[in-house]
Amino acid sequence: MASARMHAMDISHLLNDLNDKQREAVSAPLANILVLAGAGSGKTRVLVHRITWLIEVEKLSPFNILAVTFTNKAAREMKTRIEAMVGMTANNMWVGTFHSLAHRILRAHWEAANLPKNFQIIDSDDQYRLIRRIIREKQLDEAKWPPRQAQWYINNKKDNGIRPKDLPKSYDHFEEMMQSIYSEYETICQKSGLIDFAEMLLRTYETIRDHKDIKEHYQKRFRYILVDEFQDTNTLQYKWLRLLSSPNNNSMIVGDDDQSIYSWRGARVDNLNRFEKDYPDTLTIRLEQNYRSSGNILSAANKLIANNHDRFGKNLWTAAEEGELISLYSAFNDMDEARFIVERIRKWQQDDGRFSECAILYRSNAQSRILEEALIQAGVPYRIYGGLRFFDRAEIKNALAYLNLIRHHDNDSAYERIVNVPPRGIGPRTVEHIRELSRERGQSMWTTTFDVVKEKRLPARATNALNNFLELIEEATLAIADLELAEVIEHVIHHSTLRTYLAKDRSEKGHSRLENLDELVNAAGQFDPDDIDEDIPPLSAFLTHAALEAGETQASQHQDYVQLMTLHSAKGLEFPLVFLAGLEEGLFPHQMSMEDPNGLSEERRLCYVGMTRAMKKLYFTYAETRYLYGQEKMQSPSRFLSEVPEQHIEEVRLRTKVSTPVSKRFHQETSISTASGTSLQVGQQVTHSKFGEGMIVTIEGSGAKARLQVNFGKDVGTKWLMAEYANLTPA
DNA sequence: AACACCGCGTTTTTT
DNA sequence: ACGCGGTGTT
């Protein structure tokens, strides 16, 4: 390696414009390396430069490198940037998500994996439907045995590498039932050659583990393995990576324990520690210089996250100037909060800022509606990031199900989805009959449908309808043989009457569904089958693409929209102007996370993630009252606000009203005495001359300026009153 | 098959 | 409050 450097090779483009730590990581020896990369510390840059270094300096072939990410977006970005640097298309380098890589391995070793060659992917929606069907067939009460719960149980077991056969016999009723559903689910999937997302990883893991030749092949091939967002790996993903490593290869993992926000879906931050222990001679490098946020924002974020324990410990610093203070706005209610945010965004835009530089971040999706209303009212263009993705839309999934069924007639999952969509007289009874018979005979529903028609087992009407369906699919199968991918999809959408069916719906929704179908045809036209695999038919490649990649919902870069998203979806992004909305106890930190300390720490990390998205200016907002679940609720400021030192915050003053410093407001008064000498306290019953009897809900401030919130019951509702004038008497 | 009504839950999301 | 999914009615 040293000799490589002695040559007159120009490596300046690899190391210039990097700080010392980044350079250390990029040019590190071929060893196991843990890069603790703080928010905005340039980790993608380091990964990309590192890979280029491996190729150009260490002379590794791209063939010998494996780079793993969590999202397709991250994989794509990495690929693009590597290609730009290396100056060639590193086609034989594996860069992808855990799932896409697993899928690739399963395709190559389908026999060893005990899968049919044409195994199909089912997404979580398909999985849910299948589980629901199993529960129904077991004649169980869905209310008592929610499919969601069973789905969670199954995925959780798989994520921990546990098969039904590994489960100990249990006499717990619930456990027993879940086991039997899991077992049945596994049988059906195996029989029909279906794999869900968790299965992709588990099956790959088992295949590699149980086949020495395959294991050695990959261990030898992947001389260097790089993993991004390591704090998000789950147990199985860790074991999966562990299996690929050997004494002859090394790994570089990049992660940030402070940005671990996915423990609820199985991510184990602890894997960072395990790496240090399990991988020999690990070199740990900390990237602590932040290139994103101004000084104030960063210090505030550092102070907040310092309240968490068991951290690896990092101290992010920046060379940037202090910048503006964080502004805090205490809104009267959620509408006021939205109004304020929109007003500030307009101001930003009037000062030559762009809408697309603004992001409104919130804890839960329910918060978006009121923000949207305010944005619409003000005529500010916005986009909601996240939500239903393109390939998840029902109309798209229906069209894809047709294609799946045409491609693989035995795909029962696809069959069930569209056998009666659009409605063609094949009702639940008929489908039930076929399902039943298909199980008895151990053949697919498609094949069974043939039998049912041939044997005339059903009334003429149903038989007829089924026959039409068979003909439709067969006709399409023949017709598409010579068509281009986009034409195939167009043909299917047309002949399945999906399009005319949707066209009947004149509403805006129906209209957008039609547009989505057009977009699907369009997407197929743009699709490059080589992205998946050179060796499989374009249609199969496209279906795989659709299954593995949900499709972007992101606003196009060129359009000027305000970005709305949850804090979770904001990870990895940055914006000049950021609003953190709804900083209220119970909302953020969320009620569901407040009971256990780990939950609370994760909420705090989430807050940290949110704050560190901001480059120039950060706003905190909260509302004193908010509509939640149809009820107006009193809210108190989030504890996270009090964890940020006052020196970093400036309170936005309300119009003419002088507001109490937020630090004082955290400790809410519970009692006061009025000018007339009566003492009032929270929870007390009082009488008002006009509103009648009520109960004091909140007391704010003291003395002459004190405000009271009193609940006068159904007819009058809750009112804010000035203690001085309200003239309340104890009831 | 289309529509109306009822009851329930309601944090976060990728593949 | 609201929307979703399930059931029952026309």
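Residue numbering restarts at 1 for every chain, and letters A, B, ... go by the order of the sequence lines.
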### Task
Using atom types as modelled and distance alone, determine if a side-chain donor or acceptor of A:Arg203 lies under 3.5 Å from a backbone N or O of A:Ala113.
yes

### Message
It should be established whether A:Asn234 places a side-chain nitrogen or oxygen under 4.0 Å from OP1 or OP2 of nucleotide B:dT15.
### Response
no

### Query
If you look at every strand shown and take non-hydrogen atoms under 4.0 Å, does A:Phe70 touch a base, only sugar-phosphate, or nothing?
sugar-phosphate

### Task
May I ask you to say what A:Asp123 touches in the nucleic acid, namely base, sugar-phosphate or nothing, with a heavy-atom cut-off under 4.0 Å?
nothing

### Summary
Ranking C:dC2, B:dT12, B:dT15 by distance to the side chain of A:Thr566, first place goes to B:dT12

### Summary
From the candidates B:dT12, B:dT15, C:dG5, the one with an atom nearest any side-chain atom of A:Arg132 is C:dG5

### Query
Which is true for A:Tyr262 with a 4.0 Å heavy-atom rule: it touches a base, it touches only sugar-phosphate, or it touches nothing?
sugar-phosphate

### Summary
5'-most contact on DNA chain B (nearest-nucleotide basis), A:Lys504 vs A:His568, goes to A:Lys504

Anything under 3.5 Å between a protein N or O and an N or O of nucleotides 4-6 of chain B, put it in a table, one pair a line.
none

### Query
Is any side-chain nitrogen or oxygen of A:Asn365 closer than 4.0 Å to OP1 or OP2 of B:dT13?
yes

### Contact summary for A:Glu585 and A:Met594, nearest pair of heavy atoms
OE1-CE, 3.6 Å

### Query
For A:Gly427, which contact category applies under a 4.0 Å heavy-atom criterion: base, sugar-phosphate, or nothing?
nothing

### Query
Distance under 6.0 Å and angle within 45° of the ring axis: does A:Arg383 meet both against A:Tyr561?
yes

### Task
Not counting sequence neighbours, list each pair that qualifies as a side chain to side chain donor-acceptor pair (under 3.5 Å) and has a residue in residues 586-600 of chain A.
A:Ser593-A:Glu603

### Message
Is there, by distance only and without an angle test, a donor paired with an acceptor across the side chain of A:Ser364 and the base of B:dT10 below 3.5 Å?
### Response
no

### Distance, P atom - from B:dT14 to C:dG3, rounded to whole angstrom
22 Å

### Task
Sticking with atom C1', work out how far C:dG5 lies from B:dT12, rounded to a whole angstrom.
23 Å

### Message
Once side-chain hydrogen bond (donor to acceptor under 3.5 Å, both in side chains) is applied, do any residues pair with A:Gln149, and if so which ones, sequence neighbours excluded?
### Response
none

### Message
Could you work out, with salt bridge (charged side-chain N to carboxylate O under 4.0 Å, His left out) as the rule, every residue matching A:Lys157, not counting sequence neighbours?
### Response
none

### Task
Provide, to the nearest angstrom, the distance between the CG atom belonging to A:Leu567 and the P atom belonging to B:dT12.
11 Å

### Task
May I ask you to say what A:Arg136 touches in the nucleic acid, namely base, sugar-phosphate or nothing, with a heavy-atom cut-off under 4.0 Å?
sugar-phosphate

## Note on the structure
Whole-Å distance, A:Arg424 CZ to B:dA2 P, equals 13 Å

### Query
Phosphate oxygens OP1/OP2 of B:dG9: is one of them under 4.0 Å from a side-chain N or O of A:Arg148?
no

### Task
For A:Ser569, answer base if it contacts any base atom (sugar-phosphate contacts may also be present), sugar-phosphate if it contacts only those atoms, and nothing otherwise; contact means non-hydrogen atoms under 4.0 Å.
sugar-phosphate

### Message
Heavy atoms only, 4.0 Å cut-off, all strands: where does A:Asp125 land among base, sugar-phosphate and nothing?
### Response
nothing

### Query
What is the distance from CG of A:Leu236 to P of B:dT15, rounded to the nearest Å?
17 Å

### Query
Passes side chain to side chain contact (heavy atoms under 4.5 Å, CB included), A:Ile360 versus A:Tyr382? Steps please.
CA-CA 10 Å; A:Ile360 311 176; A:Tyr382 69 91; over 6 Å; no

### Query
Ring stacking, A:Trp264 with base of B:dT12, under 5.5 Å and under 30°?
yes

### Message
Less than 4.5 Å apart, side chain to side chain, heavy atoms only: is that true for A:Met335 and A:Tyr627?
### Response
no

### Query
Atom CG of A:Asn155 to atom P of B:dT15: distance rounded to whole Å?
15 Å

### Task
Look at the side chain of A:Arg389 and decide which nucleotide, out of B:dA1, C:dC2, B:dT14, has an atom nearest to it.
B:dT14

### Query
Could you give the CZ-to-P distance, from A:Arg626 to C:dA1, as a whole number of Å?
17 Å

### Message
Quick check against the 3.5 Å criterion: does A:Arg424 have a side-chain atom that pairs as donor or acceptor with the backbone of A:Val419?
### Response
yes

### Query
Between B:dT13 atom P and A:Leu548 atom CG, what is the distance in whole Å?
21 Å

## Note on the structure
Here the distance between atom C1' of B:dT14 and atom CZ of A:Phe391, to the nearest Å, is 15 Å

#### Entry: Interatomic distance, A:Phe98 CZ vs B:dT15 P [rounded to whole Å]
13 Å

### Task
Taking the six-membered ring of A:Tyr128 (Phe, Tyr or Trp), confirm whether the NZ or CZ of A:Arg148 is under 6.0 Å from its centre and within 45° of its axis.
yes

### Summary
Out of B:dT15, C:dC2, B:dT13, minimum distance to the side chain of A:Thr97 belongs to B:dT15

Quick test: give all pairs of protein nitrogen or oxygen and nucleotides 8-10 of chain C nitrogen or oxygen below 3.5 Å, distance rounded to 0.1 Å.
none

### Summary
For A:Arg129, the side-chain hydrogen bond (donor to acceptor under 3.5 Å, both in side chains) test, sequence neighbours excluded, returns none

